[in-house]
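The structure appears below as structure tokens.
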Protein chains: 2
Amino acid sequence: MTPAAALPHAALQARPRMVGILGGMGPAAGADFVRLFVEACRARMQALGMAVCDQAYPEHWLAQLPVPDRTAALDDPRPGAYQPGDALLQATGRLAALGVQAVAMACNTAHAWHGLLQERFPQLTVLHMPREVAALLRPQGRRRVGLLATQGTYRSGLYRLALEQAGIDCREPDAAGRERLMQGIYDGVKAGDMALARRCFGEVAQALRDAADADVIVMGCTEIPLALDEAAAGAPLLDAAQVLADALAREAYRAYRPQA
Amino acid sequence: MTPAAALPHAALQARPRMVGILGGMGPAAGADFVRLFVEACRARMQALGMAVCDQAYPEHWLAQLPVPDRTAALDDPRPGAYQPGDALLQATGRLAALGVQAVAMACNTAHAWHGLLQERFPQLTVLHMPREVAALLRPQGRRRVGLLATQGTYRSGLYRLALEQAGIDCREPDAAGRERLMQGIYDGVKAGDMALARRCFGEVAQALRDAADADVIVMGCTEIPLALDEAAAGAPLLDAAQVLADALAREAYRAYRPQA
């Protein structure tokens with residue numbers, strides 16, 4: 001029997017595209033993003049009428065690197081300082097060398113460097129989380145979206161711009177609310193104090209719902225869903241990481257059509 | 001200001017060692033292994049008296065590849081057939097090229113190829129899940145361990161051997177129990193039917209506890225903890241993947257000593 005003859009039938013068929021995930025921002029959020037992506041692939045296979053088995057998932061690689069803090073870098077872009085963009089370029093280069101065709105960043109604030117990555121790696125599709133969120137919300141008729149995010153994401157205007165272009169108002173917390181979110185992200189999730197994180201996120205979500213009359217609250221930081229649910233928020237929540245994971249699964253199965 | 005002068009202090013210190021995870025067997029178990037590893041790193045940092053922050057985690061890469069079914073391959077090792085060892089060697093080679101120094105396989109049955117990987121990559125530490133489990137249980141004085149695993153893992157004798165060498169009896173389910181476990185793993189977890197998986201795993205765990213008088217039940221398949229808890233098992237459980245994740249975190253921080 002020749003090696004080729006012994007290949008199982010599945011190995012001769014088209015494979016889903018290989019994709020990569022840039023993580024480490026923080027590592028728990030990166031791990032959770034892989035979980036969301038695996039679930040999104042399963043849902044995609046079911047929607048395509050494919051049999052779900054381990055070998056039908058796309059090959060995917062997760063890079064969890066120590067990336068300098070994104071919000072701090074946006075506040076202090078000293079020339080010569082070690083910047084998040086350096087670490088993100090290095091990791092994307094290695095993902096490209098492995099052969100991935102599309103990349104998702106499991107960090108909202110890191111999208112401030114999206115343009116840099118997409119420009120330097122034109123052969124890759126670098127997904128854009130805020131644009132994916134806007135593309136999902138627009139046909140749902142949402143008009144006022146509350147945003148929970150880091151100071152860096154607010155200052156960069158990543159969501160404001162993407163949502164405005166979709167005709168959606170982006171409502172943001174006041175200065176005290178933003179500080180409270182940073183406390184929940186850094187002293188809460190990143191330091192392992194989930195109870196503190198839940199209190200911080202819940203308070204700000206409720207204030208956004210009441211004061212800003214938001215239709216839905218977007219969790220625009222991958223650390224936030226690790227400690228916030230609709231019970232604590234008192235409002236409908238949308239996890240931007242979930243939206244991005246769905247988009248990455250669509251990229252992986254882009255060549256597939258539903259089976260009869 | 002020169003680039004070097006602008007480097008933050010942390011960048012000049014020792015870094016934890018870079019490690020890799022072989023996943024995809026199945027992908028949900030691989031994602032869950034990263035979660036366990038990130039938690040194990042946090043616990044390790046706390047035990048070492050280090051401040052926990054994103055940048056203090058070891059760089060780690062997860063490879064989720066379509067690996068041929070391990071149990072099926074152990075039943076049918078036709079020469080020339082595409083074997084799990086091929087996919088595992090290819091992924092390990094790419095992890096080695098990325099620069100990892102230690103590798104963990106997020107699949108028990110795949111350890112049938114552990115010797116091959118360790119022999120071909122002598123520069124890497126390839127961790128061995130059953131030996132890590134035996135090394136943990138021995139000083140606890142456990143003498144009768146019930147094993148939940150795939151047919152491939154039972155037939156390979158991976159746990160029996162590792163536990164025997166530690167002076168521990170390995171108690172296994174009867175033929176019907178093993179079939180029931182395979183149903184829970186393949187028709188349950190891998191196909192997305194978690195309720196079925198929980199029933200299958202719970203029944204076999206209870207039978208092992210009652211018939212085999214096991215002190216503790218080892219979940220020796222990374223799919224099993226995704227659907228089994230102590231309430232359903234009715235017995236103390238040990239997750240072999242958790243033990244392996246702890247071992248990988250120890251490898252990553254091997255050069256570190258507790259800080260005063």
Side-chain angles (χ1 to χ4, degrees), chain A residues 1-8 10-11 15-16 18 21 23-39 41-43 46 51-69 72 78-82 91 94-95 97-99 186 190-192, chain B residues 1-8 10-11 15-16 18 21 23-39 41-43 46 51-69 72 78-82 91 94-95 97-99 186 190-192:
Chain A
M1 186 179 291
T2 66
L7 278 173
R15 290 278 323 144
M18 187 176 159
I21 299 161
M25 303 171 280
D32 201 55
F33 188 83
V34 182
R35 180 183 67 79
L36 293 172
F37 173 67
V38 168
E39 282 177 10
C41 287
R42 173 178 290 162
Q46 287 168 341
V52 176
C53 71
D54 291 355
Q55 292 76 20
Y57 284 82
E59 178 170 339
H60 54 284
W61 288 71
L62 166 70
Q64 299 244 78
L65 286 96
V67 178
D69 188 80
R78 289 176 295 169
Y82 181 49
R94 291 197 279 168
L95 287 171
L98 288 165
Y186 285 80
K190 287 187 194 290
Chain B
M1 185 179 291
T2 65
L7 278 173
R15 290 277 323 145
M18 186 176 160
I21 299 162
M25 304 172 278
D32 201 56
F33 188 83
V34 181
R35 180 183 67 79
L36 292 173
F37 174 66
V38 168
E39 283 177 9
C41 288
R42 173 178 291 161
Q46 287 168 339
V52 176
C53 72
D54 292 356
Q55 292 76 20
Y57 284 81
E59 177 169 340
H60 55 283
W61 289 70
L62 166 71
Q64 299 244 78
L65 286 95
V67 178
D69 188 82
R78 288 176 296 170
Y82 182 49
R94 291 198 280 168
L95 286 171
L98 288 164
Y186 285 80
K190 287 187 194 290

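Only this structure's heavy atoms are used, side chains among them; waters, hydrogens and symmetry mates stay out. Convention: sequence-line order gives letters A, B, ...; per-chain numbering from 1.
Proximity of L98(B) to L98(A): side-chain heavy atoms (C-beta onward) are separated by under 4.5 Å at one or more points. A 4.5 Å side-chain heavy-atom check between C53(A) and K190(B) finds every atom pair outside the cut-off.
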Donor-acceptor contacts, no H, no angles, side chain residues 23-38 of chain A, under 3.5 Å, sequence neighbours left out:
from: D32(A); atom 1: OD1; to: R35(A); atom 2: NE; distance (Å): 2.9
from: D32(A); atom 1: OD1; to: R35(A); atom 2: NH2; distance (Å): 3.1
from: D32(A); atom 1: OD2; to: R35(A); atom 2: NH2; distance (Å): 3.4
from: R35(A); atom 1: NH1; to: E39(A); atom 2: OE2; distance (Å): 3.2

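D54(B) CG to Q64(A) CD: the interatomic distance, rounded to the nearest 0.5 Å, is 9.5 Å.
Closest heavy-atom contact between A91(A) and W61(B): O-CH2, 4.1 Å. The minimum heavy-atom distance between P66(A) and R15(B), with the atom names listed, is CG-NH2, 3.3 Å. For the pair Q55(B) and V67(A), the tightest heavy-atom approach, listed with the atom from each and the gap, is NE2-O, 2.6 Å.
Of the listed residues (M18(B), Q46(B), R42(B), R94(B)), the one with the most heavy-atom contacts under 4.5 Å to chain A is R94(B).
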